[in-house]
Amino acid sequence: MIAIINGPNLNLQGKRQPEIYGNISFEDFLKDLRERFPDEKIEYFQSNCEGEIIDCLHSLGYGDVDCKGIVLNPGAYAHYSYAIADAISSIPVPVIEVHISNIHAREEFRSKSVTARECKGILAGLGLEGYTSAVRYLLERR
């Protein structure tokens, strides 16, 4: 199983700032992603709450489920959540950080990710296809 965790405001994917994030809802994209990887179970979780994201990471890292990897888009939490960074470093499951937009080409505060340091890798600026690349990497690395 591969898990995708999306952070704050990603529940508005397809509606919020489509000029930056595109106009496809994450639910529609997720359906397509699952069709691309029919032999793999892909679980999805989204929360606007930092603590719920941390709880989800802990559960996937130490739960009874065989999680091969986590694709995490922490949203704005990437730029200041040392608590999420600590949660990533506390679990044995590899995490790939994904950002739909190129965080290095936007406002200066977005160019630094405190969570990325604890991740296996980071993908930014590939749109929703960054999730596809992250899933492919996690499946092929085993």
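Residue Val65 is grouped with residue Leu57 when hydrophobic side chains (ILVMFWY) are merged at heavy-atom distances under 4.5 angstrom, including chains of intermediate members. If you chain together hydrophobic residues whose side chains sit under 4.5 Å apart, Val95 and Ile122 never meet in one group. No chain of hydrophobic side-chain contacts below 4.5 Å, direct or via other Ile, Leu, Val, Met, Phe, Trp or Tyr residues, connects Ile84 to Val114. Connection of Ile5 to Leu30 is not established within any shared hydrophobic cluster, with ILVMFWY side chains joined at heavy-atom distances below 4.5 Å, either directly or through further cluster members. A continuous path of ILVMFWY side-chain contacts below 4.5 Å connects Tyr137 to Tyr44, so both sit in one hydrophobic cluster.
Looking at Phe26 and Leu128, their side chains come closer than 4.5 Å, going by heavy atoms from C-beta outward. Between Leu10 and Arg16, every side-chain heavy-atom pair lies at or beyond the 4.5 Å cut-off. Residues Thr132 and Phe37 meet the side-chain proximity criterion, which asks for heavy atoms closer than 4.5 Å. Proximity of Ile96 to Leu72: side-chain heavy atoms (C-beta onward) are nowhere separated by under 4.5 Å. A heavy-atom distance below 4.5 Å is not found between the side chains of Phe29 and Gln13. Side-chain contact between Cys119 and Ile88: present, with at least one pair of heavy atoms (C-beta onward) separated by less than 4.5 Å. At a threshold of 4.5 Å between non-hydrogen side-chain atoms, the residues Asp55 and Ser59 do not count as touching. Within the 4.5 Å cutoff, the side chain of Lys68 has no heavy atoms near those of the Leu138 side chain.
Shown here for Pro74 and Pro8, the closest heavy-atom pair between the two residues is O-CD, 3.4 Å. Considering all non-hydrogen atoms of both residues, Leu60 and Ala3 come closest at CD1-CB, 3.5 Å. When all heavy atoms are compared, the tightest approach of Gly130 to Leu123 is O-CD1, 3.3 Å. In plain terms, the two heavy atoms of His99 and Gly75 that are nearest each other are CE1-O, 4.1 Å. Closest non-hydrogen pair, Ser47 versus Ile53, comes out as O-CD1, 3.7 Å. The two atoms that bring Arg141 and Lys120 nearest to each other are NE-CE, 4.5 Å, heavy atoms only.
Annotation for Arg117: atom CZ does not count as buried by contact number, only 12 or fewer foreign heavy atoms lying within 6.0 Å. Heavy-atom contacts from other residues, nucleotides or ligands closer than 6.0 Å to CD1 of Ile24 number 12 or fewer.
Under 3.5 Å, the side chains of Gln46 and Asn48 contain a donor-acceptor pair of N or O atoms.
Tyr21 OH to Asn9 CG: the interatomic distance, rounded to the nearest 0.5 Å, is 8.0 Å. Put simply, OG on Ser133 and CD on Glu129 are 7.0 Å apart, with the number rounded to the nearest 0.5 Å. In this structure, CD in Glu97 is found 3.5 Å from OG1 in Thr115, a value given to the nearest 0.5 Å. Atom NZ of Lys31 and atom CD1 of Ile42 lie 14.5 Å apart (nearest 0.5 Å).
The backbone N or O of Glu50 sits less than 3.5 Å from a side-chain atom of Tyr77, completing a donor-acceptor pair.
Checked against Ile4 for a side-chain contact (heavy atoms from CB on, under 4.5 Å), the options Ile70, Asn73, Leu33 give a single hit: Leu33.
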request  = Could you give me the CA-CA distance, side-chain angles and deciding distance for Tyr131 and Asn6, then say whether side-chain hydrogen bond (donor to acceptor under 3.5 Å, both in side chains) is met?
outcome  = CA-CA 11 Å; Tyr131 291 89; Asn6 274 343; 2.7 Å; yes
task = Take Glu27 and Arg34 through the test salt bridge (charged side-chain N to carboxylate O under 4.0 Å, His left out) and record every step on the way to the result.
result = CA-CA 11 Å; Glu27 290 73 21; Arg34 287 175 171 149; over 6 Å; no
